[in-house]
Engineer: 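Please find one structure pasted underneath; my questions will follow.
Predicted, not measured: the structure shown is a model, and the values here were computed from it. Proteins come first, then strands; the chains are lettered A, B, ... in the order of their sequence lines, and each starts at number 1.
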There are 2 protein chains.
Amino acid sequence: MHSERVASRSAEPRDPRDSRESKNGTPQLDAVSLAIIEQLQEDGRRPYAAIGKAVGLSEAAVRQRVQKLLDQGVMQIVAVTDPLTVGFRRQAMVGINADGDLEPVADALTAMPEVEYVVMTAGSFDILAEIVCEDDDHLLDVINKRIRVLPGVRSTESFVYLKLKKQTYMWGTR
Amino acid sequence: MHSERVASRSAEPRDPRDSRESKNGTPQLDAVSLAIIEQLQEDGRRPYAAIGKAVGLSEAAVRQRVQKLLDQGVMQIVAVTDPLTVGFRRQAMVGINADGDLEPVADALTAMPEVEYVVMTAGSFDILAEIVCEDDDHLLDVINKRIRVLPGVRSTESFVYLKLKKQTYMWGTR
DNA sequence: CCCATGGCTGCGAAATCCGCAGGCTGCGAA
DNA sequence: TTCGCAGCCTGCGGATTTCGCAGCCATGGG
């Protein structure tokens, strides 16, 4: 044996259209694309041919799928680091409570370069936002002068990072 | 002109040892390595030659530096996705309060495959942990049966994700 | 002074990426 | 039914990139 096929090519109804969208607006992924993503979660630079062997596709097919996944914004292949080791002294998670529609608030946060991560949540915060800053002054400035003044924002609570212990991207690889 | 040098090669004191460590234990990075990381934050598959042109180094030198950065664990090149689009229905941030030394608690969290992100913080939570699960049952199980029973853990508070709005890795690129 | 170390360059050989033509399948229109 | 279209895959050269290695230079310790 040589290559465990993740999805047998002739078994399924032959419709790997990952272009169709669910009501959510996010593309629907078939098993093969999932397997490709899994490969790239282990190593973002793995050659297409190796991926093809693992998922049962030709090199060219893998290349086309990866390109589409990137274009669609389903995944991105990037270098990730611990910001603290790359010169950013202060990092914090900010919990936010706001009135009315949360979308505009979330969009405003998304537009800020210092904000790296924005998620709308259920619980005692409406929105969680992760912030990466150069130093304390910068952090204070972003929170007080840019976030707390956004229309609708009622209150915020900050959690300054002391130490990053884990950072993984290998869902699917377990 | 062709290639903006990020760091002139002959100007600096000629000591790009990124192997020396700060008291923190994290390697100290020079400007060139930072520039390389920046390039790979934009595109994790960018060819070494292109990076070299951008930062003023040969292809081979870039390759060696990247390899070292990966080996040292300073950065990782991976595909990142929104878990919700890849079949994981439930995701949550969990704020944790614990007694005594936090390290063992953080380590225990780090060891759980469902836990993707662990950070020790200052503020009304001692630790923040992000969890990726298949469904509600799975999430509940992890929080109640695995986290809340850890020795030292006093209380937890969960924030279930409703919608991921932003996810970036381009600090340095701004 | 001499040698060991670390980092960079340059260079072929091997592997990879890339674009393109062609084939197959499912589907909807005529 | 048949035709034509669209989506996806394969195979194949040519261009590019990756990879390993030998050699060079500067620094620093003995």
Engineer: Look at B:Lys68 and C:dG7 and indicate whether a side-chain polar atom (N or O) is within less than 4.0 Å of OP1 or OP2.
Structural biologist: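 Answer is yes, contact under 4.0 Å.
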Engineer: Salt bridge between B:Asp99 and B:Arg154, side-chain N to carboxylate O under 4.0 Å?
Structural biologist: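 Salt bridge between B:Asp99 and B:Arg154, a charged N being under 4.0 Å from a carboxylate O: yes.
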Engineer: What bend angle does the helix from C:dC1-D:dG30 to C:dA30-D:dT1 show across its length, from five-pair end axes and to the nearest 10 degrees?
Structural biologist: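 Axis angle across the helix from C:dC1-D:dG30 to C:dA30-D:dT1, nearest 10°: 30°.
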Engineer: Any protein N or O atoms within reach of nucleotides 17-19 of chain D? Criterion: under 3.5 Å, listing atom names and distances.
Structural biologist:
| unit_1 | atom_1 | unit_2 | atom_2 | d |
| --- | --- | --- | --- | --- |
| D:dT18 | OP1 | A:Arg45 | NH1 | 3.2 |
| D:dT18 | OP2 | B:Tyr48 | N | 2.9 |

Engineer: CD1 of A:Ile51 versus P of C:dC18: gap in Å, rounded?
Structural biologist: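 Roughly 12 Å, once rounded to whole Å.
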Engineer: Output yes when a side-chain donor or acceptor of A:Glu59 lies under 3.5 Å from a complementary backbone atom of A:Tyr48, and no otherwise.
Structural biologist: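 Flag not set: sc A:Glu59 to bb A:Tyr48 has no pair under 3.5 Å.
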Engineer: Indicate the ring-plane relationship of B:Tyr117 and A:Tyr161, choosing parallel, tilted or perpendicular according to the 30° and 60° boundaries.
Structural biologist: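 Because their plane-to-plane angle lies in the 30° to 60° range, the rings of B:Tyr117 and A:Tyr161 count as tilted.
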Engineer: Quickly work out the B:Gln72 CD to C:dG6 C1' distance and round it to whole Å.
Structural biologist: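 Interatomic distance, CD of B:Gln72 to C1' of C:dG6: 13 Å.
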Engineer: Before accepting this row, confirm whether a basic side-chain N of the pair B:Arg89/B:Asp136 lies closer than 4.0 Å to the acidic partner's carboxylate O.
Structural biologist: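 Salt bridge between B:Arg89 and B:Asp136, a charged N being under 4.0 Å from a carboxylate O: no.
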Engineer: How long is the line joining CZ of A:Arg65 and C1' of C:dC18, in whole Å?
Structural biologist: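 Whole-Å distance recorded here is 19 Å.
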Engineer: Show your working on side chain to side chain donor-acceptor pair (under 3.5 Å) between A:Asp30 and A:Ser33 and close with a plain yes or no.
Structural biologist: CA-CA 6 Å; A:Asp30 68 356; A:Ser33 289; 3.2 Å; yes
Engineer: Side chains of A:Val149 and A:Lys145: closer than 4.5 Å at any heavy-atom pair?
Structural biologist: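 Counting from C-beta outward, A:Val149 and A:Lys145 never come under 4.5 Å.
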Engineer: Heavy atoms, side chains only, cut-off 4.5 Å: are A:Arg45 and A:Ile77 in contact?
Structural biologist: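 With C-beta onward as the side chain, the pair stays apart.
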Engineer: Mind running side chain to side chain contact (heavy atoms under 4.5 Å, CB included) on A:Val94 and A:Leu109 for me, showing each step along the way?
Structural biologist: CA-CA 11 Å; A:Val94 180; A:Leu109 291 166; over 6 Å; no
Engineer: When the distance from CG of A:Asp43 to P of C:dT16 is rounded to whole Å, what number comes out?
Structural biologist: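 Computing the A:Asp43:CG to C:dT16:P distance gives 12 Å.
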